[in-house]
Amino acid sequence: MSKLNVSSSELDLDRPNIEDYLPTGSIQEPHGKLRLRDLLDISPTLTEAAGAIVDDSFTRCFKSIPREPWNWNVYLFPLWCLGVVIRYGVLFPARVLVLTIGWIIFLSSFIPVHLLLKGHDKLRRKLERCLVELMCSFFVASWTGVVKYHGPRPSMRPKQVFVANHTSMIDFIILEQMTAFAVIMQKHPGWVGLLQSTILESVGCIWFNRSEAKDREIVARKLREHVQEADNNPLLIFPEGTCVNNHYTVMFKKGAFELGCTVCPIAIKYNKIFVDAFWNSRKQSFTMHLLQLMTSWAVVCDVWYLEPQNLKPGETPIEFAERVRDIISVRAGLKKVPWDGYLKYSRPSPKHRERKQQSFAESVLRRLEEK
């Protein structure tokens, strides 16, 4: 019975509440039954409303779901205030110190290794890989990261690619502290872009730009070349193509599943007990996202390295991608939705969507009042 209640509440997340778009006290019981001809009279409005409902379901994948407040009475509020003082006045300065020490150690080692061992590529790549893993460990320590890894640690083998669900750019950091993956990632501006073009290129990372159509062909070629080499770092791809709020998984792009190699799924699930690790890049810079993590109590996360999968006879790359998405979603407790994550960058503005929803609600209300 409890399981039934849980699934019912999950379904409610995708069910728009029409009462939110109507004036208070305006909803009345209809005087008669609403017949089919009445629905046909407002069919144009229903068509627009269907689009609004679909869009509402889509946008929930990219919104932070707020936690229930716990400092709501006179007993708990002083404790919450004390926690704020500790987090910002004690933990945050200590974490900044840890991160600063980490950068000093990393740069004082990475620069000499990168410059002085150019003639010894194998040794240089091995040392750079270890240093990148070390720096990522300092990042995780600066959040007081509590990360549990389940399953065998990834190994360097040819013809394999790792795929994972994507919540934030810290997914890469959490996975990188255990294994120096070569990742395919959107090119970012600012200091993150500087790190991408200098340090992370040492582990074989591949960057792309969504606005450049030619980048797709170049990236596809680089992916095929990368997975053929046994000495290259394991390749990590986030096939959703964008950050999702760790409650859903959107469609996986098929690129990682048509390379003709073994696909190793990785499921990542964050516990929101202390902080929401979802990064909404449209509303928050990565610097502010890191600040939010560093001023929380801890980042709690589980990572599962799942059983490798291969393309089955007669299975298309799209079907293969959906099968792997099923495996990741079930393991991490995420809900599958049939949307393309790239629509996040081209959908209508929230104000336009709300106006359409308001218009539909008023149209239905007028029709009910006429009865």
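Computed over heavy atoms, backbone and side chain alike; hydrogens, waters and symmetry mates excluded. Keep in mind that this is a model prediction, so the values were computed, not measured.
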Rounded to the nearest 0.5 Å, what's the gap from [atom1] on [X] to [atom2] on [Y]? Could you check?
X: N245; Y: D276; atom1: CG; atom2: CG; answer: 7.5 Å
X: C301; Y: N271; atom1: SG; atom2: CG; answer: 9.5 Å
X: L117; Y: K126; atom1: CG; atom2: NZ; answer: 13.0 Å
X: C261; Y: R157; atom1: SG; atom2: CZ; answer: 13.5 Å

Would [X] and [Y] show up in the same hydrophobic cluster when neighbours are defined by side-chain heavy atoms closer than 4.5 Å?
X: L334; Y: V263; value: no
X: M288; Y: L293; value: yes
X: V147; Y: V183; value: yes
X: I101; Y: L99; value: yes
X: V299; Y: V146; value: no

What are the two closest heavy atoms between [X] and [Y], and how far apart are they?
X: F274; Y: A298; answer: CB-O, 3.2 Å
X: C243; Y: M169; answer: SG-N, 4.5 Å
X: A182; Y: H226; answer: CB-CE1, 3.5 Å
X: P239; Y: F257; answer: CB-CE1, 4.2 Å
X: A164; Y: I328; answer: CA-CD1, 4.3 Å
X: F238; Y: N165; answer: CD2-O, 3.8 Å

Between [X] (side chain only) and [Y] (backbone N and O only), is there a donor and an acceptor less than 3.5 Å apart?
X: D302; Y: K269; result: no
X: E258; Y: A256; result: no
X: Q228; Y: E225; result: no
X: S329; Y: D326; result: no

Ionic contact status for [Y] with [X], cut-off 4.0 Å:
X: E315; Y: R323; answer: yes
X: E240; Y: R325; answer: no
X: E128; Y: R124; answer: yes

Next on the checklist: Pair V140, I173 - check side chain to side chain contact (heavy atoms under 4.5 Å, CB included), show working.
Outcome noted: CA-CA 7 Å; V140 175; I173 298 175; 4.1 Å; yes
Name each donor-acceptor pair under 3.5 Å that joins a side chain in residues 74-95 to protein atoms two or more places apart or in another chain, with its distance.
| residue | atom | partner | partner atom | Å |
| --- | --- | --- | --- | --- |
| R87 | NH1 | T295 | O | 2.6 |
| R95 | NE | T144 | OG1 | 3.1 |
| R95 | NH1 | M294 | O | 2.6 |
| R95 | NH1 | S296 | O | 2.5 |
| R95 | NH2 | T144 | OG1 | 2.6 |
| R95 | NH2 | S296 | O | 3.1 |
| R95 | NH2 | W297 | O | 2.7 |

Is the shortest side-chain heavy-atom distance between [X] and [Y] below 4.5 Å?
X: R153; Y: M178; answer: yes
X: W279; Y: Q284; answer: yes
X: L223; Y: I184; answer: yes
X: K272; Y: F278; answer: no
X: Y305; Y: C264; answer: no
X: V303; Y: L175; answer: yes
X: L235; Y: I237; answer: yes
X: I105; Y: L134; answer: yes

Item to check | Test ring pair (Phe, Tyr, Trp, His ring centres under 6.0 Å) applied to F181 and F172, step by step | outcome: CA-CA 8 Å; F181 286 105; F172 166 72; 8.3 Å; no
Item to check | Any residue meeting side-chain contact (heavy atoms from CB on, under 4.5 Å) with R125, in chain and number order, not counting sequence neighbours | outcome: D121
Next on the checklist: Against W143, only a single residue in I170, V275, V300 fulfils side chain to side chain contact (heavy atoms under 4.5 Å, CB included); can you say which?
Outcome noted: I170
Item to check | Option from I266, V330, V163, I327 for which side chain to side chain contact (heavy atoms under 4.5 Å, CB included) with L306 holds | outcome: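 With L306 as partner, side chain to side chain contact (heavy atoms under 4.5 Å, CB included) holds for just one option, I327.
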Next on the checklist: Is a donor from one side chain sitting under 3.5 angstrom from an acceptor on the other, for N310 and T262?
Outcome noted: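 Result is yes, a qualifying pair exists.
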Checklist entry - Does NE2 belonging to H150 count more than 12 external heavy atoms closer than 6.0 Å? => result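 Counting neighbours around NE2 of H150, more than 12 heavy atoms of other residues, nucleotides or ligands fall under 6.0 Å, so yes.
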Checklist entry - Is it the case that more than 12 heavy atoms not belonging to K336 sit under 6.0 Å from its NZ atom? => result yes
Checklist entry - Which residue pairs pass the side-chain hydrogen bond (donor to acceptor under 3.5 Å, both in side chains) test with at least one member in residues 168-183, sequence neighbours excluded? => result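 Every side-chain hydrogen bond (donor to acceptor under 3.5 Å, both in side chains) pair that includes a residue of residues 168-183, provided the two are not neighbours, is S137-Q177, Y149-Q177, H166-D171, S168-H289, D171-Y270.
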Checklist entry - Do E319 and K312 pass the salt bridge (Lys or Arg N to Asp or Glu O under 4.0 Å) test, and can you show the C-alpha distance, the side-chain angles, and the key distance before you say yes or no? => result CA-CA 10 Å; E319 292 170 341; K312 294 180 179 179; over 6 Å; no
Checklist entry - Do the ring planes of W103 and F139 sit parallel (below 30°), tilted (30 to 60°) or perpendicular (above 60°)? => result perpendicular
Item to check | Ring geometry between H114 and F110 (parallel below 30°, tilted from 30 to 60°, perpendicular above 60°) | outcome: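 Rings of F110 and H114: parallel, as their planes differ by under 30°.
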Next on the checklist: Please confirm whether the ring centroid of F138 lies under 6.0 Å from the ring centroid of F106.
Outcome noted: no
Checklist entry - Between T249 and V337, does a side chain to side chain contact (heavy atoms under 4.5 Å, CB included) hold up when you go through it step by step? => result CA-CA 6 Å; T249 56; V337 292; over 6 Å; no
